[in-house]
Amino acid sequence: MSKFSDLTRLPDARGHFGPYGGRFVSETLSFALDDLEKTYMRLRDDPDFQAEFDYDLAHYVGRPSPLYHAERWSKKLGGARIWLKREDLNHTGAHKVNNTLGQVMLARRLGKTRIIAETGAGMHGVATATIAALFGLECIVFMGAKDIERQAPNVARMRMLGSEVRTVTSGSATLKDAMNEALRDWVATVDDTFYVIGSVAGPHPYPAMVKEFQKVIGQETERQMMEKTGRLPDLLIACVGGGSNAMGLFAQFLHQPGVKMRGVEAAGEGLESGRHSATISAGQVGVLHGSKSYLLQDAAGQIEEAHSISAGLDYPGVGPEHSHLHDIGRVEYVSITDAEAVDATFQLSRLEGILPALESAHAIADAMRVAPALPPEHTIVVNLSGRGDKDLDTLLKAAPERFQNPAKTGDGKEGA
Amino acid sequence: MSGGTNGGGLVNSGFANSTGLERLEGAFTGRKSQGRKALVIYLMAGDPTVEFTISLVPRIAEAGADVVELGFPFSDPIADGPVIQAAGNRALRHFSGLDDYLAMVARIRKATPVPLVLMTHYNPIFRYGEEAFLQSAAKAGLDGAILPDLPVDEAEDWTALARANGVAPVMLEAPNTDDAHARRIAERSAGFIYMVSLKGVTGTDVGMGENLAGRVERFRAMGTATPLAVGFGISTPEQAKRIGALCDGVIVGTGIINRITAAPNTGAAINAAVDYVAELRAALDQPA
């Protein structure tokens with residue numbers, strides 16, 4: 001009966017979510033994408049492929065990830081009860097690995113021997129490098145020079161795993177430029193190379209395929225909430241850069257109108273400052289990196305540089321399905337500033353002993369904003385999409401005053 | 001399928017009354033009637049300045065360019081190699097939008113009848129509005145448009161609107177294009193079909209191209225009358241001659257940008273570009 005009941009059938013045959021999505025790439029890549037789509041559609045329903053995927057998710061990634069009731073934090077906020085979906089506990093420390101495992105398995109079925117990927121925060125790069133190592137494939141990760149500087153530990157991890165990290169200096173030297181360079185590489189190497197895209201973005205079939213590989217997050221959440229509370233959650237909250245962790249959590253519940261959803265974009269230094277990555281909140285529709293969606297762009301259609309303290313959200317586009325879910329009012333898209341996200345990392349660290357990634361901290365901060373006004377029988381699931389160890393350098397620079405020993409005890413206990 | 005052009009070279013084709021689509025195909029059929037190949041030159045508009053582009057286009061037309069592609073710079077040019085990317089970065093600040101670009105086209109149009117073709121990525125056109133843009137473009141005297149990230153399956157509306165406005169929608173074909181796509185490209189492309197010589201971005205060495213002869217033969221077998229031009233990786237006169245022998249025309253971009261960039265001043269840059277076009281012309285016109 002719900003007007004949302006059709007959402008589970010998207011995208012259409014040509015990769016459109018309402019007016020968004022599609023396949024805006026050079027003719028050379030059209031063929032590779034046709035080929036990929038055919039193989040993916042066949043394997044999606046192949047029980048052997050699914051069993052192999054499930055096996056590695058369980059024994060290599062460590063799924064299911066826990067759904068943790070953050071009681072102390074909930075009590076402090078004094079409203080709804082909050083549960084954390086612990087994607088940070090996956091092997092490699094984020095939800096990204098669900099997708100890289102699925103795509104590299106596809107690459108092998110297609111007979112490709114070389115893997116390329118783009119990365120912003122480095123989490124997708126690390127997850128791709130990890131699975132490439134597992135299967136013994138050559139792997140090249142494109143990464144903006146600016147991100148290489150602010151995510152040094154992840155660069156080192158990728159190299160340890162045997163991948164080449166290729167520095168991208170064009171444009172803003174961040175995630176969008178890394179994606180440009182990966183697409184340029186792919187157009188020349190398409191015969192032997194598989195491009196592992198890290199989000200529900202890019203040309204069809206990537207947005208649909210990445211959603212499918214990340215859907216396990218929401219499937220587990222539904223089962224775990226039924227076990228623990230006997231009913232579906234009232235509200236889901238996830239951060240949105242390209243939007244794969246959010247899509248992974250939301251997909252299972254889209255047709256359940258009782259489950260409200262909030263996608264949290266990065267407001268950077270504030271929407272009014274012009275230095276943000278809040279694509280849906282403050283962008284206009286356009287075409288970039290193979291699909292039609294909301295974009296940060298100027299009046300002439302030139303893409304504008306995004307800004308966020310969190311490298312993983314620092315992207316001027318967003319997955320096309322999110323644009324559609326926004327337009328039809330299924331998901332509410334809001335934004336959180338750099339300062340609010342930094343504050344949320346400290347709150348969660350001190351109240352629950354969990355250091356969230358700065359990306360995930362945007363969702364944590366939004367929960368802090370909405371939970372106090374909600375009644376205690378109300379349940380919220382926040383997707384804790386990644387762990388925050390990689391962000392320590394950024395946090396030390398952003399809030400040095402908070403890295404002091406606790407004022408009263410002075411017993412040598414670590415401050416953070 | 002591709003608009004009637006009743007032969008005749010550009011100069012005799014009743015320029016003032018024909019559409020861009022007719023002028024563009026006329027440039028190819030004009031050469032063909034002389035038993036020669038068309039030369040298409042790509043320039044990044046506004047590199048290094050808009051005035052430079054306006055001065056250069058009539059000169060390279062006199063030197064033997066039959067069609068001039070004028071790139072409109074885009075912030076995220078995924079189809080371009082390093083040379084054209086750098087040219088785009090230099091040109092970006094000279095255009096606040098496509099209206100500036102069309103004002104430039106209108107000025108060039110007054111100085112020369114050479115067919116002018118826009119090449120850019122899709123987003124600036126999408127943002128402007130396809131139909132509004134095509135109407136402004138036709139008024140300015142633009143003859144065709146190439147959007148490398150708008151493949152034929154996404155271009156149904158675009159190709160129909162462009163034809164209706166008399167602007168030729170030039171579609172690209174690639175080494176791995178399958179027969180079904182090739183047929184749709186032949187149906188929808190006008191002015192010419194842009195055959196991408198190899199898998200890669202602009203500025204790679206063409207070699208013999210990837211199965212070019214076979215791909216040309218496939219279009220011929222479909223009965224398309226639309227001219228076939230090959231681009232990507234052609235920069236020497238020898239390459240132009242070798243590839244030209246297989247098709248109706250060749251497209252050269254990175255090579256001329258390199259010569260312009262290397263020159264010490266704008267006067268020298270114009271001379272270098274004109275000499276280069278003349279060399280390419282001479283190589284194409286040599287008897288086999």
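Side chains included, hydrogens not; waters and symmetry mates left out as well; all remaining heavy atoms used. Because the structure is a prediction, the values reported are computed rather than measured. Just so we're on the same page: letters track the sequence lines, and every chain starts at 1.
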ask   = Is it the case that B:Q85 and B:N89 place a side-chain donor and acceptor less than 3.5 Å from each other?
value = no
ask   = Side chain, backbone, both or neither: which part of A:Q284 has a heavy atom under 4.5 Å from chain B?
value = side chain
query = Checking heavy atoms, do the side chain of B:S96, its backbone, both or neither come under 4.5 Å from chain A?
reply = backbone
message = At a heavy-atom distance under 4.5 Å, which candidate from B:V152, B:L150, B:D153 has the highest pair count against chain A?
response = B:D153
Proximity breakdown for A:H16 and chain B, heavy-atom pairs closer than 4.5 Å = side chain
task = Consider only side-chain N and O atoms of A:H276 and A:E269, and report whether a donor and an acceptor are under 3.5 Å apart.
result = no
ask   = When you check the gap from the basic side-chain N to the acidic O, do B:R90 and B:D47 get nearer than 4.0 Å?
value = yes
A:F24 and A:H289: CA distance, side-chain angles, deciding distance, ring-ring contact (aromatic ring centres under 6.0 Å, His included) verdict = CA-CA 7 Å; A:F24 296 88; A:H289 294 152; over 10 Å; no
request  = Against chain A, work out which of B:F74, B:Y122, B:Y128 has the most heavy-atom pairs shorter than 4.5 Å and name it.
outcome  = B:F74
query = Considering only heavy atoms, which portion of B:I185 lies under 4.5 Å from any heavy atom of chain A: side chain, backbone, both, or neither?
reply = side chain
Region of B:H121 that comes under 4.5 Å of a non-hydrogen atom in chain A = neither
query = Which bit of B:F72 is near chain A, if near means a heavy-atom gap under 4.5 Å: side chain, backbone, both or neither?
reply = side chain
task = Indicate whether any N or O donor in one side chain lies under 3.5 Å from an N or O acceptor in the other, for A:T193 and A:R114.
result = yes
request  = Just give me the residue among A:E181, A:K292, A:E304 that pairs up with chain B most often, heavy atom to heavy atom, under 4.5 Å.
outcome  = A:K292
task = Just say parallel, tilted or perpendicular for the rings of B:W158 and B:F133, cut-offs at 30° and 60°.
result = parallel
ask   = Just checking, any donor-acceptor pair under 3.5 angstrom between side chains of A:S293 and A:S323?
value = yes
ask   = Under a 4.5 Å heavy-atom cutoff, which of B:P77, B:A155, B:A79 has the most pairs with chain A?
value = B:P77
note = So, the part of A:S170 with a heavy atom under 4.5 Å from chain B: the answer is side chain
remark   = Of the listed A:L295, A:L183, A:V285, the one with the largest count of heavy-atom pairs under 4.5 Å with chain B is A:V285
key: Any A:F194 side-chain heavy atom under 4.5 Å of A:T113 side chain   = no
key: Option that, when pairs with chain B are counted at under 4.5 Å, heavy atom only, ranks first among A:V190, A:D177, A:D191, A:L29   = A:D191
request  = Could you tell me whether the side chains of A:E118 and A:Y195 share a donor-acceptor contact shorter than 3.5 Å?
outcome  = yes
task = Measure up the A:Y20 and A:Y294 rings against each other and bin them: parallel (under 30°), tilted (30 to 60°), perpendicular (over 60°).
result = tilted
ask   = Which bit of A:S30 is near chain B, if near means a heavy-atom gap under 4.5 Å: side chain, backbone, both or neither?
value = side chain
query = Side chain, backbone, both or neither: which part of A:D34 has a heavy atom under 4.5 Å from chain B?
reply = side chain
task = With a 4.5 angstrom heavy-atom cut-off, could you sort out which part of B:I125 is near chain A: side chain, backbone, both or neither?
result = neither
